[in-house]
Amino acid sequence: MELDLLVGPAKQLLDQERNFRERNPEDCPYPFYPELGGLLPWAGTDNGDRVCWLTDRKPDEWTVVCWNPRGWYYDAHPVGAVEFLVGWLSGHISTNVFPNAAEFVEEE
């Protein structure tokens, strides 16, 4: 499994999910960027999971939400992107959306 930074506009990713959200608002507690407080993806796994900023305040205060679009579950973290990555890579932060970083390392 890989965790990759997303390059390019996240709009295409969100547009794919927007119709589901409009039909099932009870399953989607967060709006999508550019709506106020919307999720803005910045990384993803090769399994389709997303790591997003929660854009509910000034950009330098955005926190992280991990999101599984297939199962429509979320895991909010009260830290920024760098703190989340450092914490996840060091094993101090985990999420129920995708495996811990140690599980991403291939055995030699």
Side-chain angles (χ1 to χ4, degrees):
M1 187 173 260
E2 295 177 5
L3 178 67
D4 298 309
L5 295 178
L6 300 177
V7 178
K11 183 179 183 315
Q12 291 174 317
L13 294 172
L14 296 176
D15 284 346
Q16 294 171 4
E17 310 299 341
R18 208 172 299 277
N19 288 335
F20 180 87
R21 181 176 174 265
E22 290 170 359
R23 291 189 313 270
N24 304 280
E26 68 282 355
D27 293 327
C28 308
Y30 301 101
F32 295 138
Y33 186 83
E35 294 177 56
L36 182 62
L39 296 181
L40 178 59
W42 55 267
T45 69
D46 58 352
N47 197 32
D49 305 311
R50 302 283 178 246
V51 184
C52 306
W53 281 299
L54 180 59
T55 62
D56 61 346
R57 52 193 83 174
K58 295 187 293 187
D60 62 343
E61 297 174 351
W62 289 351
T63 57
V64 170
V65 175
C66 298
W67 166 39
N68 176 321
R70 295 165 319 287
W72 289 93
Y73 53 92
Y74 305 82
D75 190 15
H77 298 271
V79 297
V82 172
E83 189 174 347
F84 175 81
L85 285 174
V86 169
W88 181 72
L89 289 168
S90 67
H92 292 90
I93 291 177
S94 63
T95 176
N96 61 7
V97 173
F98 49 81
N100 293 328
E103 296 177 42
F104 278 71
V105 178
E106 295 179 2
E107 293 183 21
E108 294 182 29

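Positions are given from 1 along the sequence.
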query = Does any N or O in the side chain of R21 come within less than 3.5 Å of the main-chain N or O of Y30, such that one atom is a donor and the other an acceptor?
reply = yes

ask   = What pair of heavy atoms forms the shortest contact from I93 to E83, and how long is it?
value = CD1-O, 3.8 Å

task = Taking all heavy atoms of P69 and all of G48, pick out the closest pair and write down the distance.
result = CD-O, 3.3 Å

ask   = Can you name the closest pair of heavy atoms from A101 and L89 and give their distance?
value = CB-CA, 3.8 Å

remark   = Separation between SG (C28) and CZ (R23), nearest 0.5 Å, reads 10.0 Å

query = In Å and rounded to the nearest 0.5 Å, what is the CG to CZ distance from D49 to R70?
reply = 4.5 Å

query = If you group Ile, Leu, Val, Met, Phe, Trp and Tyr by side-chain heavy-atom gaps below 4.5 Å, do Y73 and L54 land in one group?
reply = yes

T55 side-chain N/O to G38 backbone N/O, donor-acceptor pair under 3.5 Å = yes

remark   = Correct closest heavy-atom pair for H77 and T63 would be O-CB, 3.3 Å

query = Taking C-beta and beyond as the side chain, do L14 and P41 meet within less than 4.5 Å on heavy atoms?
reply = yes

message = Against W42, only a single residue in Y33, W67, W62, W53 fulfils ring-ring contact (aromatic ring centres under 6.0 Å, His included); can you say which?
response = W53

ask   = Does any N or O in the side chain of N24 come within less than 3.5 Å of the main-chain N or O of D27, such that one atom is a donor and the other an acceptor?
value = no

message = Do L3 and V86 land in one hydrophobic cluster if side-chain heavy atoms of ILVMFWY residues count as linked below 4.5 Å?
response = no

query = Measuring from F98:CZ to N68:CG, what's the distance to the nearest 0.5 Å?
reply = 10.5 Å

query = Could you go step by step and tell me if R50 and E17 meet the salt bridge (Lys or Arg N to Asp or Glu O under 4.0 Å) rule?
reply = CA-CA 12 Å; R50 302 283 178 246; E17 310 299 341; over 6 Å; no

query = Closest approach of N100 and S94, non-hydrogen atoms and distance?
reply = OD1-CB, 3.1 Å

query = Are V65 and L5 linked, directly or through other ILVMFWY residues, by side chains that come within less than 4.5 angstrom of each other?
reply = yes

inquiry  = Can a donor-acceptor pair be found, under 3.5 Å and without considering hydrogens, that links the side chain of D75 to the backbone of C66?
reply    = no

